[in-house]
There are 2 protein chains.
Amino acid sequence: MADTTETEPMDMMPEPLRARERAERIHADIRSRICMLDYPPGMKLSETALAAELGISRTPIRRVLARLEDEGLVTSVHGVGTMVTNVDYSEMSQVYRLRKELVLLQTVLDPIQPDAAFLQRFQALYTRSEALKTAPSARDFSLLDQDTFLTLLDLTANAPLRTMAERLYFRTARIWLQQVTSSHIDLMQEIDIYARELQDLLGALELGDLDAVGHIRRGHISMSFARMRV
Amino acid sequence: MADTTETEPMDMMPEPLRARERAERIHADIRSRICMLDYPPGMKLSETALAAELGISRTPIRRVLARLEDEGLVTSVHGVGTMVTNVDYSEMSQVYRLRKELVLLQTVLDPIQPDAAFLQRFQALYTRSEALKTAPSARDFSLLDQDTFLTLLDLTANAPLRTMAERLYFRTARIWLQQVTSSHIDLMQEIDIYARELQDLLGALELGDLDAVGHIRRGHISMSFARMRV
DNA sequence: CCCTCAACTGATGTATACAACATTAGGCGA
DNA sequence: TCGCCTAATGTTGTATACATCAGTTGAGGG
């Protein structure tokens with residue numbers, strides 16, 4: 001009698017959030033394309049085109065775009081289109097000043113002491129930064145910076161702080177890539193500086209000195225911003 | 001030939017964001033109902049019912065609910081419904097600890113010196129707090145606290161900080177009202193303390209001492225949280 | 001040649017029917 | 001009477017047709 005229907009009541013993880021998960025992937029995907037300048041500022045993101053590309057209808061696409069608009073990465077105007085936002089200096093300045101403060105809170109509010117696995121993950125990041133010296137790539141650099149940020153986010157258990165820091169990071173992550181592309185800053189120099197930063201952070205992490213981690217990051221965020229304003 | 005169509009090209013404010021504005025109002029409205037416990041935790045918010053109540057379709061309602069879900073005020077489950085979230089102690093604790101830090105940043109990062117009009121607005125808030133002593137009302141108290149928060153938000157020009165502080169505030173604003181309703185804290189005592197806080201803040205504002213404003217608020221947030229954990 | 005305006009095009013916003021899903025009530029048999 | 005299975009119901013998620021809006025283009029008149 002069990003042949004007629006295959007209900008499979010025993011499933012390790014039924015994952016009733018299949019739809020939610022898909023939306024999450026699409027969101028992260030479009031966000032990544034914006035931050036990697038695959039979708040440059042001003043570009044129109046057609047809901048119809050995205051829907052066709054992903055093989056779904058406009059409805060779930062619109063939900064993702066609405067979230068991206070909340071996050072300040074796109075703006076939708078009725079009758080015109082959905083355009084990737086540009087980042088002006090004033091806004092960028094405000095975000096950076098706030099990030100400089102939040103990065104300190106990340107190691108003060110609900111700090112999580114790094115374990116061996118974490119140190120290994122971070123060591124891999126440092127290795128990548130050294131590899132960039134022999135094979136410079138602005139895109140790979142941006143990806144490394146993104147992975148580093150997300151890794152260091154695991155040092156705090158404060159969920160609201162994590163989400164806010166993440167929103168702020170992706171809000172201005174593309175600025176650096178823009179500056180490199182337009183040759184306003186030197187790629188090789190940035191790679192050298194970044195490798196040193198990761199080395200410094202690795203040393204502080206091995207000592208378990210999270211306070212030092214926060215201040216090292218703060219200093220680098222500040223200097224990185226200072227080098228950009230050409 | 002102009003009789004057939006009434007285009008009215010001359011309008012003071014064409015307001016092309018009529019739809020956007022409506023969504024904003026609906027969002028603020030539902031958010032207020034949740035924070036005022038008109039929609040208590042666990043209550044199911046039917047999209048169909050809300051759409052019928054507002055005389056529109058489910059589509060714009062769903063957009064608002066999706067945003068509220070991003071803000072942590074509701075959770076939607078496929079096939080079940082959209083329920084008002086509950087706030088557990090751990091989450092509340094994390095939010096309060098973060099708010100204590102952000103309230104300091106609000107008067108440090110991009111401070112705006114209060115002008116005469118601002119002082120007058122704040123004076124009105126203090127008057128309301130004194131009026132509450134003769135006519136105590138938990139609901140009016142919550143509304144006053146909300147207005148006070150939004151007013152003090154104008155002391156910083158940092159847009160990202162403003163949006164984040166606002167999100168955090170509304171995330172846990174209903175906790176206090178819950179505690180009063182369940183008689184875990186004394187309403188009259190809270191009103192007295194709050195009136196004193198507004199008096200202290202008014203004095204600091206009149207002196208233009210924004211640093212004092214931040215620290216006074218920080219202390220009151222901390223003590224308010226301490227009084228709540230029964 | 002230039003200005004005006006009206007229709008066209010393509011975009012987002014909305015309404016609605018349908019699909020997928022979870023819960024519940026009820027019937028049927030052991 | 002108890003347990004299981006099935007159908008019904010109500011929910012959110014999706015697809016799609018339509019409404020609304022803004023930019024564009026081209027024809028017509030001065």
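Computed over heavy atoms, backbone and side chain alike; hydrogens, waters and symmetry mates excluded. Remember, predicted model here, so these are calculated numbers, not experimental data. Chain letters run A, B, ... following the sequence lines, proteins first, then strands; residues in each count from 1.
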> Should the heavy atoms of other residues, nucleotides or ligands under 6.0 Å from CD of Gln113(B) be counted, would the total exceed 12?
Replying inline: yes
Could you tell me the separation between the [atom1] atom of [X] and the [atom2] atom of [N], rounded to a whole number of Å?
{"X": "Ile56(B)", "N": "dT20(D)", "atom1": "CD1", "atom2": "C1'", "answer": "16 Å"}
{"X": "Arg22(B)", "N": "dA19(D)", "atom1": "CZ", "atom2": "C1'", "answer": "12 Å"}
{"X": "Glu21(A)", "N": "dG13(D)", "atom1": "CD", "atom2": "P", "answer": "15 Å"}
{"X": "Arg62(B)", "N": "dA15(D)", "atom1": "CZ", "atom2": "P", "answer": "12 Å"}
{"X": "Met83(B)", "N": "dA22(C)", "atom1": "CE", "atom2": "C1'", "answer": "11 Å"}
{"X": "Ile26(A)", "N": "dT14(D)", "atom1": "CD1", "atom2": "P", "answer": "9 Å"}
{"X": "Leu50(A)", "N": "dT14(D)", "atom1": "CG", "atom2": "P", "answer": "15 Å"}
{"X": "Ile61(B)", "N": "dG13(C)", "atom1": "CD1", "atom2": "P", "answer": "16 Å"}

> With respect to the side chain of Arg63(B), which nucleotide from dA15(C), dG13(D), dG13(C) is positioned closest?
Replying inline: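 For Arg63(B), the side-chain atoms sit closest to dG13(C).
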>> If you only use heavy atoms from C-beta on, which nucleotide in dA15(C), dT12(D), dT16(D) is closest to the side chain of Arg58(B)?
In response: dT12(D)
>> On DNA chain C, compare the nucleotides closest to Gly55(B) and Leu65(A); which residue's is nearer the 5' end?
In response: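 Of the two residues, Leu65(A) wins.
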> Hey, what do you get for CG (Leu65(A)) to CZ (Arg67(A)), rounding to the nearest 0.5 Å?
Replying inline: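 Rounded to the nearest 0.5 Å, the CG-CZ separation comes to 12.0 Å.
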>> For the OH atom of Tyr96(B) and the OG1 atom of Thr172(B), what is their distance to the nearest 0.5 Å?
In response: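 Result: 4.5 Å between the selected atoms.
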[X] side chain N/O closer than 4.0 Å to the phosphate oxygens (OP1, OP2) of [N]?
{"X": "Arg20(A)", "N": "dT12(D)", "result": "no"}
{"X": "Arg18(A)", "N": "dG13(D)", "result": "no"}
{"X": "Thr59(B)", "N": "dT14(C)", "result": "no"}

Protein and nucleotides 7-11 of chain D: nitrogen or oxygen contacts under 3.5 angstrom:
residue : atom : partner  : partner atom : Å
dG10(D) : N2   : Gly79(B) : O            : 3.1

> Only one of Trp176(A), Phe149(A), Phe141(A) forms a ring pair (Phe, Tyr, Trp, His ring centres under 6.0 Å) with Tyr194(A), so which one is it?
Replying inline: Phe141(A)
>> I want to check something: taking the side chain as every heavy atom from C-beta on, are Leu150(B) and Tyr169(B) in contact at a cut-off of under 4.5 Å?
In response: no
>> Can you list everything that forms a side-chain hydrogen bond (donor to acceptor under 3.5 Å, both in side chains) with Ser224(A)? Sequence neighbours excluded, please.
In response: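 Not a single residue meets the side-chain hydrogen bond (donor to acceptor under 3.5 Å, both in side chains) criterion with Ser224(A).
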> Yes or no on side-chain contact (heavy atoms from CB on, under 4.5 Å) for Ile26(B) and Ile56(B), after CA distance, side-chain angles and deciding distance?
Replying inline: CA-CA 11 Å; Ile26(B) 295 175; Ile56(B) 57 181; 4.0 Å; yes
